[in-house]
Amino acid sequence: MTATSPEPFPEIRDAVRRLCARFPGPYWRALDRERAYPTAFVQALTEAGFLSVLIPEEYGGSGLGLGAATAVLEEIHRSGCNGAACHAQMYTMGVILRHGSAAQKDAYLPKIASGELRLQAFGVTEPDAGTDTTRITTFARRDGDNYVVSGRKLWISRAEHSDLMVLLCRTTPRDQAAKPSDGMSVLLVDMRTAVGKGLTITPVRTMLNHATTELVFEDLQVPAENLIGEAGKGFRYILDGMNAERILIAAECVGDARFFIDHASAYAKDREVFGRPIGENQGVQFPIARAYVQMTAASHMVDHAAALFEAGQPCGTEANMAKLTASEASWYAADMCVQTHGGFGFAEEFDIERKFRETRLYQVAPISTNLILSHVATHVLGLPKSF
Ligand SMILES: Cc1cc2nc3c(=O)[nH]c(=O)nc-3n(C[C@H](O)[C@H](O)[C@H](O)COP(=O)(O)OP(=O)(O)OC[C@H]3O[C@@H](n4cnc5c(N)ncnc54)[C@H](O)[C@@H]3O)c2cc1C
């Protein structure tokens, strides 16, 4: 929110800030060097109940809306921490909540709410399909009481730190489906029994500490009772979840932008060169002010998209536009912050270079900027489709 209007959920924000203060820069730097998972941080968030805010009270969560979840993630990122290690624990369960059977909800949601079960792996992307999700080829063949899954997924984050994974696969080949988006299904895969019995997980080292992996399925048996909703309708089931994901990641970008603006402002007031604080120079001030304006615009768009989602209204365009604006605002702020710090922007101990690498991801994942622009061009403005 802006300087002129109060931030929503002040108690939640305050509590998240206090928790994050226990996990300062040195904690994240040590993990970053080793590409290690922030287990203690995730455990603390779980115990404080912040990862179950979207789960209804009847299943043990706090039953809050997406706005509360955006406040949690924004504050995590503003504090210099990184919610990417566990943000999916908040929203991946949405596919069970909205489309699962009563038995599936009873079996899984209370344990996800308590943190006894981690459902924070979401398997969609494949190396050969890329953004064109209808081209996925990971196939689940029905065989008696099981599905038998074969195929390959890439960039599946937190797979090694999840008990369960929501997997999108084909149950009808694309060329036999009525529409390209038909014939895909969602399976809940129990990672604890799958690994080594048809599922191989290989970590992919990237420019940031993100616990992302490649998955290979070789005749993995998944009980048919783990199908979510109806076979063949999986693509539409995951779309709601994708809107929530985009809004929440946009909130993380707003938090990142705030981190960079806070740090740049403090440094510009403190650092003296040519006998005066560098922040006295408008050449230094203006990029910080511009970053603040862009972050504020993004923050309003996140709030608007979250309000639509909470009201159960269509919000695909708003979620996409909030993600685009917020990821560009955080990247502009990141670049500005490095520039404001001069050489120190590159020093590990300032955490700016780490956050700079972390926030770059969000112009590519979970959906890249071009694909959002294409959505706006064709779905909102009625321009001709190019693909
Ligand atoms: C660290 C990390 C974590 C991730 N975690 C997950 C995860 O947990 N689960 C999951 O399922 N996926 C995950 N992803 C995948 C992510 O969602 C994809 O990388 C992203 O959607 C882009 O897809 P792609 O990499 O296949 O790019 P491609 O589809 O190959 O596109 C490459 C480039 O071409 C552009 N492009 C492609 N087609 C067009 C077009 N028609 N017009 C204009 N431009 C076009 C794209 O915008 C992009 O810039 C993750 C990725 C990363 C890097």
Side-chain angles (χ1 to χ4, degrees), residues 32 35 37 82-95 118-138 149 151-162 164-170 180 184-189 191 199 201-217 234-235 237-239 241-246 248-250 252-253 256 319-320 323-324 327-328 330-331 354-379 383-387:
D32 187 63
R35 295 292 189 271
Y37 190 73
N82 189 353
C86 51
H87 55 205
Q89 176 78 0
M90 280 181 163
Y91 57 76
T92 314
M93 63 80 207
V95 74
R118 294 238 168 265
L119 169 53
Q120 52 182 8
F122 187 52
V124 176
T125 308
E126 296 189 5
D128 296 331
T131 308
D132 190 357
T133 305
T134 67
R135 302 253 171 212
I136 64 167
T137 54
T138 295
V149 181
R152 181 179 291 248
K153 297 274 174 187
L154 186 59
W155 309 122
I156 308 309
S157 303
R158 302 162 297 273
E160 296 169 294
H161 305 282
S162 294
L164 303 168
M165 171 172 61
V166 164
L167 177 70
L168 185 72
C169 46
R170 280 226 160 259
M184 286 180 269
S185 302
V186 171
L187 291 177
L188 196 59
V189 176
M191 310 295 270
L199 172 61
I201 307 179
T202 307
V204 181
R205 197 176 163 96
T206 60
M207 67 189 265
L208 72 167
N209 184 16
H210 201 84
T212 201
T213 68
E214 180 185 33
L215 307 181
V216 176
F217 301 90
F235 187 68
Y237 297 157
I238 65 163
L239 286 182
M242 285 178 164
N243 287 336
E245 179 180 49
R246 286 168 200 179
L248 290 171
I249 284 174
E252 293 186 342
C253 292
D256 281 344
N320 271 320
K323 208 283 288 185
L324 184 151
S327 65
E328 291 187 348
S330 72
W331 180 239
R354 171 177 63 81
K355 294 291 283 179
F356 177 93
R357 287 183 279 116
E358 288 173 0
T359 213
R360 182 62 181 84
L361 175 65
Y362 295 130
Q363 286 174 82
V364 171
I367 182 171
S368 60
T369 301
N370 274 1
L371 272 292
I372 295 177
L373 293 173
S374 167
H375 170 91
V376 172
T378 56
H379 286 76
L383 290 162
K385 286 194 170 187
S386 63
F387 58 91

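Predicted model only: the values in this text are computed from it and were never measured. One-based numbering, in listed order, for ligands and for the atoms of each.
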Just by distance, with hydrogens left out, do D256 and T359 show a side-chain donor and acceptor under 3.5 Å apart? yes

Protein heavy-atom partner closest to atom 7 (C) of ligand 1 - residue, atom, separation in Å: W155 O, 2.9 Å

Can you report which non-hydrogen protein atom sits closest to atom 29 (O) of ligand 1, along with the distance? T131 OG1, 2.5 Å

Any nitrogen or oxygen of L208, side chain or backbone, less than 3.5 Å from one on ligand 1? no

State whether the shortest distance between N or O atoms of T206 and N or O atoms of ligand 1 falls below 3.5 angstrom. no

Can you find an N/O atom of T125 closer than 3.5 Å to an N/O atom of ligand 1? yes

Minimum-distance protein heavy atom relative to atom 47 (O) of ligand 1: S368 OG, 2.6 Å

Is atom 14 (N) of ligand 1 in close reach of the protein, with a heavy atom under 4.0 Å away? yes

Minimum side-chain heavy-atom gap T202-T213 below 4.5 Å: no

Element-labelled atoms of ligand 1 that are located less than 4.0 Å from some non-hydrogen atom of V124: 11 (O)

What do you reckon, does P366 put a non-hydrogen atom under 4.0 Å from ligand 1? yes

For I156, counting its heavy atoms only, list the atoms of ligand 1 lying under 4.0 Å from any of them. 7 (C), 8 (O), 9 (N), 10 (C), 11 (O)

Can you check which of L361, V364, T212, N370 brings a heavy atom nearest to atom 52 (C) of ligand 1? L361

Looking only at protein heavy atoms, which one is nearest to atom 8 (O) of ligand 1, and how far off is it? S157 N, 3.0 Å

With a 4.5 Å heavy-atom cut-off, do I201 and M191 have their side chains touching? yes

From H210 atom NE2 to L361 atom CG, the distance as rounded to the nearest 0.5 Å: 5.5 Å

Do any N or O atoms from the side chain of Q89 and from the backbone of L119 form a donor-acceptor pair under 3.5 angstrom? yes

Nearest protein heavy atom to atom 50 (C) of ligand 1: under 4.0 Å? yes

Please state which protein non-hydrogen atom is closest to atom 38 (N) of ligand 1 and give its distance, to 0.1 Å? L371 CD2, 4.2 Å

For atom 26 (O) of ligand 1, the protein heavy atom that lies nearest, with its residue and separation: G130 CA, 3.0 Å

Could you go through the side chain to side chain contact (heavy atoms under 4.5 Å, CB included) check for V149 and L199 one step at a time? CA-CA 9 Å; V149 181; L199 172 61; over 6 Å; no

Any idea which part of F387 is under 4.0 Å from ligand 1, heavy-atom wise: side chain, backbone, both or neither? side chain

Please test F122 against E245 for side chain to side chain contact (heavy atoms under 4.5 Å, CB included), starting from the C-alpha separation and ending with a verdict. CA-CA 11 Å; F122 187 52; E245 179 180 49; 4.3 Å; yes

Backbone N/O of A250 and side chain of Y362: donor-acceptor pair under 3.5 Å: no

May I ask you to decide if M207's main-chain N or O and R357's side chain share a donor-acceptor pair within less than 3.5 Å? yes

Taking side chain as C-beta onward, heavy atoms only, is S374 less than 4.5 Å from F387? yes

Could you check T134 against D132 for side chain to side chain contact (heavy atoms under 4.5 Å, CB included), going step by step and ending with a plain yes or no? CA-CA 6 Å; T134 67; D132 190 357; 3.1 Å; yes

Among all the protein's non-hydrogen atoms, which is closest to atom 9 (N) of ligand 1, and how far away is it? F122 O, 2.8 Å

